[in-house]
Number of protein chains: 2
Amino acid sequence: MGVRQIKAAETEAALKSAARQLFAEQGYLNTKITDITTTAGRATGSFYDHFASKEELLQALVADMNAHADATIAEEAHPEEHDLTDRAQLRAHIGTAWIVLRDHLPVAVALMQSAMTDNLAAGRGWRSLLEDTDLLRAHLEALAEKGHPLPGSPELVAAAMGAMLSMFGYALLTAGEFAPRVSEEEIVDMLTGLLLYGLTGPRPETGDEGDDAPAEAELKEPVAIG
Amino acid sequence: MGVRQIKAAETEAALKSAARQLFAEQGYLNTKITDITTTAGRATGSFYDHFASKEELLQALVADMNAHADATIAEEAHPEEHDLTDRAQLRAHIGTAWIVLRDHLPVAVALMQSAMTDNLAAGRGWRSLLEDTDLLRAHLEALAEKGHPLPGSPELVAAAMGAMLSMFGYALLTAGEFAPRVSEEEIVDMLTGLLLYGLTGPRPETGDEGDDAPAEAELKEPVAIG
DNA sequence: GTCTATAGAGTGATAGAC
DNA sequence: GTCTATCACTCTATAGAC
């Protein structure tokens, strides 16, 4: 790799880094091309030597995120069989989704803003939600086929769960100084409890093993939103 | 009221109507002032005789929506005591939230897009979520004070429920032709079941009266998101 | 009150020197 | 590959005639 290519790679990395920073600070839609180049310390024209548009830059960031997520998932064995009515397994899934959202907040913010505004007539919001919860839907379908009762079709239930996780996470993680002072464990516990037992609360007679505060290590298992 | 004022009122109404139509069709952020005036059949300059900006127009639409919602709420007696762990009451709340969202979709879309993009650093998304779920939080707090166990603090649980309802509703109601063919009753039932019992499902031994399909009339009680 | 016409600011994207 | 300079376009907002 020649010197020119090295510098080019540096510039591209600087642009990506600046974009991530700005997307998190002021959102994807509010960020202009010139904001990115200025923050990266480059000239405006240099942007177009690397990306054709802001959308293409976002796609590159998404690819990076997916690569990172896939690599992390590959590290840990993903259990073949999932039972989302088991507290530890459900919590692991929610915890992973939370961590992915948190660690890739700039890209998550950008994707969410893009999905909610771009092509509103094309139903991109709904389709994105379905795609992002497809793994979750598969798990719920397996549950249903075993005869477990669900409150609705796996597709709809998965979408509802995904909507809660993404919107709640988006709001809380972008709250900055206005965010309540609660630990991530508390948040994941709350979401797990709500999705597992609802407002009714755990059944007293089943014992409900591991109810209160499962091991913190659970938060490490990485399985996207599914 | 003179002729000029009548025509002015007509123009203002036409602008509002056009704005609602366009907000639903192409979103708030994508809608330009000129789009609104063109659709309303007026000149661009006329817009500023009625509203100082697009944001002010949105505030006027929000005021209209609140007036309508308040009037509807006043019609029906709001039970003093709420027990959200009662299926009928929880379903009534969710059904009302769904109907308000559906009937005021243009304004809801605009508010959501505005909250998610404007002042991202100021945590407007989180604060809006808290405000919109304040009544719900109060109900949950009452439950907690009676000794009922909740999966987390009333504030956080209310926010999570509100996030699910608003995001799921937003995605589904803007899905257009891509929306799954399910009735509103099915959707409200699904959300009710998920929030009441979670993925575990209803407790078999309690009997769970009125489990499957509560009366359609329940959908009429109007109580915002709370 | 409503219109036409236009000023003014901001942004995306490109050309050409280095 | 990166820079400077600039064009072309879009949109907001205003001025002034009617």
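To find a chain, count down the sequence lines: A is the first, B the second, and so on, and within it residues start at 1.
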Practice task
Can you tell me the distance, in whole Å, between the CZ atom of B:Phe47 and the P atom of D:dT14?
Solution key: 12 Å
Practice task
Between protein and nucleotides 11-18 of chain C, map the contacts as a letter string: B base, S sugar-phosphate only, - none, heavy atoms under 4.0 Å, written 5' to 3'.
Solution key: SSBB----
Problem - Test side-chain contact (heavy atoms from CB on, under 4.5 Å) applied to A:Trp98 and A:Asp103, A:Leu165, A:Ile187, the passing residue - result: A:Ile187
Problem - Between C1' of D:dA13 and CG of B:Asp49, the distance in whole Å - result: 12 Å
For residues 172-182 of chain A, please give each side-chain donor-acceptor pair under 3.5 Å, one per line with the distance, not counting sequence neighbours.
from: A:Thr174; atom 1: OG1; to: A:Tyr170; atom 2: O; distance (Å): 2.7
from: A:Thr174; atom 1: OG1; to: A:Ala171; atom 2: O; distance (Å): 3.4

Exercise for the section: Determine the contact category for B:Ala43: base if any of its heavy atoms lies under 4.0 Å from a base atom, sugar-phosphate if only primed atoms, P, OP1 or OP2 are that close, otherwise nothing. Expected result: base
Practice task
In whole angstrom, give the distance that lies between atom CD of A:Glu12 and atom C1' of D:dT2.
Solution key: 14 Å
Exercise for the section: Check the distance between D:dC11's C1' and B:Leu22's CG and give it to me in whole angstrom. Expected result: 16 Å
Completion exercise
Applying salt bridge (Lys or Arg N to Asp or Glu O under 4.0 Å) to B:Asp64 and not counting sequence neighbours gives B:Lys16
Practice task
Would you mind reading off the distance between A:Asp35 atom CG and C:dG10 atom C1', rounded to a whole angstrom?
Solution key: 11 Å
Practice task
Under the salt bridge (Lys or Arg N to Asp or Glu O under 4.0 Å) rule, collect the residues that match up with B:Glu141, sequence neighbours excluded.
Solution key: B:Arg137
Problem - Under the side chain to side chain contact (heavy atoms under 4.5 Å, CB included) test, residues paired with A:Ala8 that sit two or more places apart - result: A:His50
Problem - Rounded distance in Å - CD1 (B:Ile6) to C1' (C:dT2) - result: 16 Å
Exercise for the section: Ignoring backbone atoms, test whether A:Thr11 places a side-chain nitrogen or oxygen under 4.0 Å from the OP1 or OP2 oxygen of D:dG1. Expected result: no
Practice task
Name all residues meeting the salt bridge (Lys or Arg N to Asp or Glu O under 4.0 Å) criterion together with B:Asp118; count only those two or more places apart in sequence or in a different chain, and write none if there are none.
Solution key: B:Arg124
Exercise for the section: Kindly give the heavy-atom pair with the smallest separation between B:Phe168 and A:Leu156, and that separation in Å. Expected result: CE1-O, 3.7 Å
Problem - For atom NE2 of A:His50 and atom P of D:dC3, their distance in whole Å - result: 9 Å
Exercise for the section: Find the distance A:Arg42:CZ to D:dG1:C1' and express it as a whole number of Å. Expected result: 10 Å
Handout entry: Short side-chain N/O contact to C:dG1 OP1/OP2 from B:Ser46, under 4.0 Å
Key = no
